[in-house]
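A short worksheet on the structure shown next.
Predicted model only: the values in this text are computed from it and were never measured.
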Amino acid sequence: MKRFMKLLLPLGLMAVFVSLPFGSAFNSPGTLNLLALCLVFAGLAAGYDLLFGRTGLLSFGHALYFALGVYVTAILMRQGIPLALAAVIAVLCGVVVAAALGAIALRVDGIAFSMVTLAFAQVGAILVARDPGGLTGGEEGLALSKGVPDFLTGVANTVNLYWLALAYVVIVLAVLARVVSSPAGRVLAGVRDDARRVGVLGLNPYSFKLTAFTLSGGLAAMGGVVYVLIVGGASTHVASSELTLMLLVMVVLGGPGTKYGPAIGGALFTFLDYQLTGVADSLPGPLSQPLFILGTVFILAVYFFPGGLAHVTALKNVLPRYFRRVS
Amino acid sequence: MSTIVLLAVTGLGLAALYFLVASGLSLVFGLADVLNFAHGLFLSLGAYATWVAAEHMSIEAAIAVGVAVGAGAAVLVELIMIRPLYTRTIEQVLVTVGLSMAGVALLQAVFGADPKPFPRPQWASGVLEVFGARIPVDRFVLIGAALLVFGALMAFLKWTRYGLIVRAGVENREMVTALGIDVRKAFTLVFAIGGAAAALAGALAGIYFTTVSPATGGSLLIFAFIVVVIGGMGSVPGSAFAAIAVGLLQQFVNYYGTSGAGDICVVALLAIVLLVRPKGLAR
């Protein structure tokens, strides 16, 4: 019974999201497309939080694994390989590359780890932009022209893309819930809070960190597969370090290390970014830049809402605490 | 032969830029444990301040204005944004990430996203003939500036009281604090030095690339990070050696291999250094 009660909230939420397209407010293709994008980034942010919020690893290279998912799928499908096979290969690529690069990057910890992951991801960004062998299409990107199954093409089928994105979020959240409640998940929390102590207890923090890094890379690649189907192509932007920084912002705004915080942050950030871009031209000065507004909000959130949306603290304590630290 | 000389000097010029950005980053990181993502913003600020000031005065004075703006911005950032989060490393990184996002967007809103042509001083144009290679003078300007900054930094670290505090703080910050010295003043100072060096790099990058755009800082910053890690964090000579290695490797491989291969080789070098000496070359 208790187990059932615990599942009630996620199942209820899922039911709401599954039935959203049946409401008239949401069933226009444009809205569904935006919602699908929000869901993909919700899943990505949640997957990134496995590193940042759960394991305490600040990776600046998450875009690489997402881009692998996007580009491997797009490239393989252009070669005539069916979607299902291309998707599996893309996710495997994400897992293998994450395992290999993680094994090197995790030799250093703390901030150095962040810089190394950033450098590795930069290679991905360079490769994508330089268009080796005409594979990635360079700055122009790749369009998914053929091989997409019928039920995912056409304006009328946008709803299927939405459900696909929803399925992705559900998978990510389910995997995370499973990992976090497992003994390994508790070790990850231990690594985050005090890696040396985990070592003293006879466990190897390195292998646990590598597992989390690999799993997170695989989830990101999976997100890439869904993303390429929703957007209908790949562009250099998905490999950029800005994308990783945006994921970081999403997680911090939502609440790192919480159950739904990162996903909410991801969806909300994507939605706001999109909406702000829409109204940007009518706003004066720096407000016309969505990233200016979101960056400022992010900075304020770090000072005043350290736990993100999931832990909004009483406002009245916030300013005195800041000034106490300044003086 | 002349190609090799040209590539070597150009590579050293690039290394000079990397060093100017990386030296400040490395000191800030070594002393205060702050990975400063906004360092690229100081660079862009310096470049744009120089660009604006150059309309009203000589380019030399404009560069001085740019450097002052960079140093001032760095001090403000340290006092207002970094200081309240002292010892909370991750949050400091997050704040500088937000700042770099908002700052670049602000620059874009004010100056536009397109590259602007950068004024070119008389003394940096023209070519010089060395061993049969015709080399643009701006490379030598970059190298000279980096050598000057390197000398000044080493002298500061070695012979001044604050330099001593900075060196001691990089080794063991708690001990310095325990001896009754306020390390925070040294933080602010190091930020100012780093900001000034980055702004100088910005102005010189403007001369070198002939344009300035809001994205200049970010793209140089990533290689500066690589230089810092390879050189060993907190070590100025380490940054200098690593900058030279990275600049030369990048230039030669990009010329003899396909374009872009040099950038990838640099990252491979980083991976190798990490596998062999995880603490960097200097440690």
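Within the 4.5 angstrom heavy-atom criterion, only side-chain atoms of B/Ile226, from C-beta onward, approach chain A. Only the backbone of B/Ile82 has a heavy atom closer than 4.5 Å to any heavy atom of chain A. Proximity to chain A (any heavy atom under 4.5 Å) is shown, for B/Val95, by both the backbone and the side chain. Contacts between B/Leu270 and chain A at a heavy-atom distance below 4.5 Å involve the side chain alone, from C-beta outward.
Ring planes of A/Phe52 and A/Tyr48: parallel class, angle under 30° (limits at 30 and 60°). Ring geometry for B/Trp51 against B/Tyr48 counts as perpendicular: the plane angle is over 60°, on a 0 to 90° scale with 30° as the lower cut.
Side chains of A/Phe41 and A/Leu243 form a contact here, defined as non-hydrogen atoms less than 4.5 Å apart.
Atom CZ of B/Phe241 sits in a sparse spot, with 12 or fewer heavy atoms from other residues, nucleotides or ligands closer than 6.0 Å.
Summarising the geometry of B/Leu85 relative to B/Glu91, their closest heavy-atom pair is CD1-O, 3.8 Å, with the distance given to 0.1 Å.
Listed for the B/Ser235 side chain is no donor-acceptor partner under 3.5 Å among the backbone atoms of B/Gly232.
When each of A/Glu242, A/Arg107, A/Met246, A/Gln122 is scored by its heavy-atom pairs under 4.5 Å with chain B, the top score falls to A/Arg107. Interface remark: of the candidates B/Phe223, B/Phe37, B/Phe29, B/Phe37 forms the most heavy-atom pairs closer than 4.5 Å to chain A. For the set A/Leu300, A/Leu248, A/Val116, the entry with the most heavy-atom pairs within less than 4.5 Å of chain B is A/Val116.
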